[in-house]
Structures are given as structure tokens and as C-alpha cells.
Amino acid sequence: MPTITLPNGDTKQFPAPVTLGEIAASIGAGLAKAAIGARVDLGAGPELRDLSSVIDQDASVAIVTAPRPGQAAAADALFLMRHSAAHVMAEAIQDVIGKDVLLAYGPPTDTGFFYDMHLPEGKKLSSDHFEAINRRIAEIIKEDRPFTRYEQPADQALTRLKSEGNKYKVDNAERAMGVASSVYRGPRAAPAESPGASGREAASLSFYATGEPGRNWEDLCRGPHVPSTGRIGAACVLSLASSYWHGDETSDRLTRVYGTAFATPADLDAYLKQREEAVKRDHRVIGRSLRLFHIDEAVGQGLILWTPKGSIVRKELQSFIAAELKKQGYTEVFTPHIGSLDLYKTSGHFPYYKDSQFAPIVERQTLERLCEQGCSCAELMARIEGVSERLAAGINQRTGSQTIAPDRVIPDDRLVEGFMLRPMNCPHHAKIFASGPHSYRDMPVRLSEFGTVYRWEQSGELNGLTRVRGFTQDDAHLFCAEDQVPAEIQGCLSLVKVIFSTLGMKDYRVRVGLRDPDGAKYTGSKEAWDKAEAACLEAARSLGVPFSQEPGEAAFYGPKIDFVVKDVIGREWQLGTVQVDYNMANRFDLSYVGPDNRPHRPVVIHRAPFGSMERFCGVLIEHFAGAFPTWLSPEQVRVLPISDKSNEYAAAVVQALRAADVRATCDHSNDRVQAKVKVAADEKIPYMAVVGPRDAESGSVSVRARGVEKDLGAMPLESFVRAVRREIDARSAELGVRP
RNA sequence: GCCGCUGUAGCUCAGUGGUAGAGCGCACCCUUGGUAAGGGUGAGGUCACGGGUUCAAAUCCCGUCAGCGGCUCCA
């Protein structure tokens, strides 16, 4: 006698087990018609289920419906459609390419779905096949075949899958049954689930036929699905990529086919259009057309050349944050881009991350001498990577923990000294702190620097401004007494908030990176980590925005609070970051004198509200689609003389603007005004000042603001200059000059 | 780093074995025009780089480099 609780609190009693479809029908015919699945809570948390699923105990049930025309589809509905569309696409691909394509894993994602598959030797799938595949997808949807679920005892199902010769499905089934030996930490896009596991004990495996089992296409799958293919509004294949089986780079390489589905063809169309539009916002495209930055093969991969226009944007951002830092009592320092290898052995960067740093720089004479002595490459490496006895003893003594492997320690006279391009700024700042005595009265010491760092990123990871090999952090290190940590974290978070609110960036998420309980890469004591993690969580809670806690995302020296945004393609990038570090002070033996006249260890906070200037500017270009607010615009006003006859007055206008520290130029070309307007509009310049004989006579300018179809009319030059100046000073996000 | 795709003028791209092309941009000339492209002329190319096949290669093959999309990484 199941009692069903509906979302509005009503309850319904059924004399016998019922399907979710029957429950929908009992509520209303319209609902039954619109239903495509249901969200069910049997007491263990809500889960999505098929309409055919039988409920034989008390439960909360919310029917998931396909949206009415014009209504936005709910996440659950899209999930069901996309999960189902993955099956339809896989069937279509097998129809087009061949039945011998081995399917591996095909989950829904945030914006669609993908299916990983293994193509048999000699077979190829390329975008040339998309048209045929999409046609077949449309046919299958039109055929409106039911998604038919059936179950088989696990051992029987496994035998069958083995006979079909698809090792991926066999593997899926084994994992679903819980017999797999290794733990599957699924790809981030697709959280680990047990494909085909029908119950928690997985005594049986479930399959879905698109139509009639045994006759139509089918796939091992745990579900849930929409009732029939026709209930997938519209679906299409989008792109091809590659992936590793289980995300393991030593495992098989698979072909990943991305697709998406929407409730209606109109929604799908709108999505595809939006994707096209997004590409136009790509910072690499805008960066080239607006000449904001340049990457040159001859300079090197992932190395940014800031052109004059981009440099203005970056410089304005730096001045903006510098003013905020001054308010918070920071002091500025300058340090070199390179440091002794020993420094990074002390800080721990070299042993922990040597593979993601540029190779050490060793003096030429030393190398020549070693060559003459017949030193092998392997020997050289060992002697560079080794740690001196003195250094190892010091580090171990201070931290009390074994941070240097014994085989790393070699006699000082065998050691080859070198330098490194710095991967982080903190060691230099630590040495500045250590260079003089500090009283508790002077704490915290806040050292800031726009510090450029270099990291050896894998070539396949490089991406425009967002992932580079040399970048400048708006870095600072706060050396605090322990009881100052919470307030200082708050101060850092407020910087990030000022940046985001000034620039009108609302679409970000906050991530608290904690240590992975099984991870071995971390340095420092458990007690220190516990304290640091508690401080970060406390600060995140006070932020007033939702945040996620992510084990394994911590830095090797401490936990952190990150601000993450998405680019136009939907990829996530970490921008601002605040990291608590209880380790660096130990490693560098930093101290301050407390009120008790005894030395105390400071706690160090690393923070970079922009993160990296390169990445931030990349994201910012996309945020504004290149149309920067006036204060950030490389060119703020373009003066457009009607003809040569007005050149003299135009020059006077430019001069007046420049005198007020407004970035202005004049378009002297012999084009007509129409053309000059078009060019200035394409360059996304905030204001145009059209000047002709009439303006020269009255001392006015005819103003046109970006994004406004018509000109705003004439206004006195002086008031225009004043208005623009006021807008810049306010760092206004909007163009506000009006006559 | 791995898989796939791509690489032709400053930019966007056409050219599929037989003389290297277009539009935009650039230079110059005409035009002196009041708000999203007036007209003309011209310069500009080791067809990414290196090898191979061929009478002949931008085009076919191999390798390298770089870019793009993923994956894997990411202090």
C-alpha cells in the first residue's frame, strides 16, 4: 500500500505497487502526457527514474515533464533527454560507420552528452560523417521507438557481454557489479557512476533497447531514460575529441563524440546560434582583431607579447588594484625573475614540482668543466637535483619532518649549483621578510609585487592568455601572527569582491581546495593543515556566496580559496586565489618577536586577487567581448573630422582630451564620416566625437556612444571632456556620457 | 605529453598534380563628404619547415614545428 507524497505536500494512496507513469496518470491526463520521468525519494535521497519504474513503498514523487512550448526545460528533463540522446547518437553512429564500433561510456554533461567509443582498425569517424549521423538521429527520433528496460541476472548478462566482445561494456558491467579491483575516479565531466547497475547490490544488470529487446538497438545502461525516442525534442552531434578509457593516460585511447539535445528544435537552434556567437567573443579572436596581444612562434609557445593596446588594459587593472592595496596597508617590492636552485630546494618547489618548471640554468663554465671530466648527463642531473647535506640537515631539523629523500642528499662538493626561472614569487618574498627583525607590533607584513613567474605547462594545455608558460601574478605575501589570519583572509576576499563588482562579473564560483586524505604530495604537519583548512572554510562561509569544498585541490603547502570563472567555450579557469600556508615560515625559519620577547613563527597568506594578469585579461576580454568600459579602453575617444577642413579643430579637441588625461586619437584618413564611424565602431571605442565646421564654430563636439544607434547630438567640448573624465575616475562599468 | 583536425598575403579564406587567387587591411591618387565602408591604382607570398615520390608538388607520402578541439596535468 504505497503512500505517495507529491511536491505540493498532497499524498496519494495506492492499493498495490504502481508505476510512476500510473502515478502521473492518477494526477491528471495532461501531466501523464507531458511526463518523461520522475524524481523519486524512497528515503535515501532523490533519484531520477523511468516512468515504467515500479514503486512498492512510501515515496516522495515529482513528475518530470517535457516543457510546454516557450517554457524553459528543467534540468531533470534535459538530463533525461540527453542521456537518452546519447543512446540514439550511438545507434546512429553504428548505422553510419558500422556495428563494429565498440561503445564504451556515454554520459550526459552540463550542456549535452558525449559517447566514448573505440573505432575498429581502419575505420574513421570525421566531421564529414556528421550530416549522415544527424540525419539518422532525426529518423530515430521520428520513429518514436520506446526505451524498453529489462534486467538480466548479473552473471548471465556478463557472459552475454563477453560473448559480444566489447571489453569496455564488460568492464562497465564488472564495475557495476562491484567486482572491479581498481577504484574508478571518473573524469570530472562525468562523475563515476555504475553503468548498468540496477540495484545497490547489483545482483542484476539493466539494459535499454530502443524499441524491442532482441530486435532493436540496445545498450547496457542503468538509466533512466525518456519513455520513447520521440520524447527527445531535438539532438545533434557537435564535435569529435579523444579521451582515455577511465581517464587513464596509460589506458586505451578512445574517440569521444560530443552531442547535445534540447526539448525543441528551436531550443537546439538557439543553442547552436549561441555557440557561434560565443566563438566571436573568444579572447584569441578579439585579441588579434583589436591588437591587444600577440603570441609569436619565434618567441615561444605560451609566451605573451603585450602590444600597446593590451598593455593599457593590463596597466589600468594594475593601477586599480594597487590603489586598493594601498588602502589595505600593503607595501610594494621588486624582485628578480630568477633565483638560486637552492632557494627552491628550501621552499620545496623544486623537489615537488620540478617537472612543471623550466629546466635549471647552469653556468656555462661549470658545464664545460664537467664535460671535460667526462660527466654523463645522468650524473649531471643527479648533481643538479641533489640537495646539499647542510641544506637537508637544516630543513629536517626545522620542520621535524622528512622532506628530503635520503638518496637526494649528496656531499656539498659534488653538488652542481644552478638557477631557476621562478615558478612562484614566495621564496623571494620570504627572504625579504627574513632580511630584518620583526616585532609583533609591526605585523602583519604585507609584501606585494606584480611578480612574473614561469612554468613548464604541457604543450597541449597552452591556450591563448588563459594557460601560458610565463605570467604575472598580482601577488602578495602576508606574514601574520596566527590570530591575525582570519582578518587577513577577509581582507584578501574583499579585494576579490571589489574587482568582481567593479567589473560587473557575477558569473563565478568559489572553491575551497582541501588536501586529499590519501595524497602524498603535501608538506607540513597534520595539525597545521587542520588549522589552515578550518580558517579557509570559516572565511568562505562568511563570504555570503555558495562555495564547494574540494578535497585534492589544495596547493602542496596549504589549503586555498579559489574564484573560478568559465570562458566562452565553457571551460573553467581559476582566477583569484587566497592560500593559507603554515609551512613556508618553517622552511625558511621565519620569525617575529612576540610580546613575550620570544621568537614566533608567522603564518603566511599567499593571495592574488586577479590570479594572473594574463588569464584575467583573457577572461575579461571575453566578459566584455572586447568592449571595455571607458576606464579600461585602450582608446577612450576617437575624434572624427568631417573633412580635412576640420583637421585643425579636431587636433584642438584631441589636445583638450589629452590635457584631461583622456586617451584620444584623431582619424585623419580621407574616408567619409560614415566609414570612420564604422571603423571606430568595429574597434569598440567608447566614444566618437564627430567634428565639422559647425562644431568648430560653436566649440562643440557631436558625440556618439558605443552601442547607441544614433549620435547623441552636439555638446560643448568642455562638458564632454568633463563628463568623460568623471566616468573614467568612477571606473564606471557603463557608458554614461549624455548631452 | 597523448589522440584527432588544421597550417596559402598583416587578417579571413578559395585553390586537389601543370603560370599563386579573392575580400578586408596597407600605400598612393581622385573625391572634401555631418554619423556603421565613395571610387581608382598599386605593393605585398620560400603556399609553416625539412625530406621523399613525380617530367612536374601549395596539392600525394614521411618527419618536424605551430595552432585548434579534447584527454591527462595544473603551485
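Just so we're on the same page: letters track the sequence lines, and every chain starts at 1.
Applying the salt bridge (Lys or Arg N to Asp or Glu O under 4.0 Å) test to pairs two or more places apart or on separate chains, those with a residue in residues 299-309 of chain A are A:Lys309-A:Glu683. A side chain to side chain donor-acceptor pair (under 3.5 Å) check over residues 298-308 of chain A, counting only residues at least two apart or in different chains, returns the pairs A:Trp306-A:Glu614.
Pair assignment for B:G33: none, as no Watson-Crick or G-U wobble contacts are both less than 3.5 Å. Under the Watson-Crick or G-U wobble criterion, with both distances below 3.5 Å, B:C65 is paired with B:G7. Remark: B:C47 base-pairs with no nucleotide; criterion is Watson-Crick or G-U wobble with both hydrogen-bond distances under 3.5 Å. Searching all strands for a Watson-Crick or G-U wobble partner of B:C60 with both distances below 3.5 Å returns B:G52. Nucleotide B:C71 forms a Watson-Crick or G-U wobble pair with B:G1, both donor-acceptor distances falling under 3.5 Å. Applying the Watson-Crick and G-U wobble criteria (two distances, each under 3.5 Å), B:U12 pairs with B:A22. Across all strands shown, the partner of B:A27 is B:U41, judged by Watson-Crick or G-U wobble contacts whose two distances both fall under 3.5 Å.
Within the nucleic acid shown, A:Gln357 comes within 4.0 Å of at least one base atom, counting heavy atoms only. A:Arg571 comes within 4.0 angstrom of the backbone, heavy atoms only, and of no base. Heavy atoms of A:Ala681 sit under 4.0 angstrom from at least one base atom. Among the protein residues, A:Gln301 comes within range of the sugar-phosphate backbone only, with heavy atoms under 4.0 Å from sugar or phosphate atoms but none that close to a base. Note on A:Ser239: nothing from the nucleic acid sits closer than 4.0 angstrom, heavy atoms only.
As rounded to the nearest Å, B:U31 and B:C49 have C1' atoms that lie 46 Å from one another. Rounded to a whole angstrom, the distance from the C1' atom of B:G21 to that of B:G45 is 11 Å. Only the P atoms considered, B:C55 is 35 Å distant from B:C3, to the nearest whole Å. As rounded to the nearest Å, B:G50 and B:G18 have P atoms that lie 22 Å from one another. Nucleotides B:G23 and B:G39 place their P atoms 12 Å apart, quoted to the nearest Å. Between B:A66 and B:G17, the two P atoms lie 31 Å apart (nearest whole Å). If you take atom C1' in B:C62 and the same atom in B:A57, they sit 15 Å apart, rounded to whole Å. On the C1' atoms, B:A58 is 12 Å away from B:U46, given to the nearest whole Å.
Close to B:G1, at under 4.0 Å from its OP1 or OP2, lies no side-chain N or O of A:Tyr244.
The pair A:Lys676-A:Asp671 does not meet the salt-bridge criterion, since no charged nitrogen lies less than 4.0 angstrom from a carboxylate oxygen. With salt bridges taken as basic N to acidic carboxylate O contacts below 4.0 Å, one links A:Lys167 and A:Asp252.
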Walk me through whether A:Ile304 and A:Phe471 qualify under side-chain contact (heavy atoms from CB on, under 4.5 Å). CA-CA 8 Å; A:Ile304 305 302; A:Phe471 57 96; over 6 Å; no
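Rounded to whole Å, atom C1' of B:C71 lies 11 Å from atom CG of A:Asp248. A straight line from CD of A:Glu457 to P of B:C71 spans 16 Å, rounded to a whole angstrom. Taking atom OH of residue A:Tyr115 and atom P of nucleotide B:C71, one finds them 18 Å apart after rounding to whole Å. The interatomic distance linking A:Asp682 (CG) with B:U12 (P) rounds to 15 Å, in whole Å. The separation between A:Arg275 atom CZ and B:C68 atom C1' is 14 Å, rounded to whole Å. Between the CG atom of A:Asp667 and the P atom of B:A37 there is a distance of 14 Å, rounded to whole Å. For the pair A:Ile286 CD1 and B:U12 P, the interatomic distance rounds to 14 Å; values are reported in whole Å. The interatomic distance linking A:Leu238 (CG) with B:G70 (P) rounds to 12 Å, in whole Å.
Checked by distance alone, A:Arg467 brings a side-chain donor or acceptor within 3.5 Å of a matching partner on the base of B:C74.
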Please produce a list of atom pairs where a protein N or O lies less than 3.5 Å from an N or O of nucleotides 3-11 of chain B.
| unit_1 | atom_1 | unit_2 | atom_2 | d |
| --- | --- | --- | --- | --- |
| B:C3 | O2 | A:Ser242 | OG | 3.0 |
| B:C5 | OP1 | A:Lys124 | NZ | 2.8 |

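Remark: A:Glu648 pairs with no residue by the side-chain contact (heavy atoms from CB on, under 4.5 Å) rule, at least two apart or across chains. With sequence neighbours left out, the side-chain contact (heavy atoms from CB on, under 4.5 Å) criterion links A:His129 to A:Val96, A:Ile97, A:Leu125, A:Ser126, A:Ile133.
The side chain of A:Asn463 lies closest to B:G69 when the candidates are B:G69, B:A37, B:G1.
No more than 12 heavy atoms of other residues, nucleotides or ligands shown are found within 6.0 angstrom of CD on A:Glu131. A:Tyr508 OH: more than 12 foreign heavy atoms inside a 6.0 Å radius. Other residues, nucleotides and ligands contribute at most 12 non-hydrogen atoms within 6.0 Å of the CZ atom of A:Arg291.
A:His606 places a side-chain heavy atom less than 4.5 Å from the side chain of A:Met584.
Using cut-offs of 30° and 60° for the angle between ring planes, the A:His118 and A:Tyr168 rings count as tilted.
Mapped onto RNA chain B by nearest heavy atom, A:Gln579 and A:Val708 fall at different nucleotides, with A:Val708 at the one closer to the 5' end. Positionally, the nearest nucleotide of RNA chain B for A:Lys678 lies more toward the 5' end than for the other of A:Lys678 and A:Gly302.
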Across nucleotides 22-35 of chain B, 5' to 3', mark each nucleotide with B, S or - according to how protein heavy atoms within less than 4.0 Å reach it. --------BBBBBB
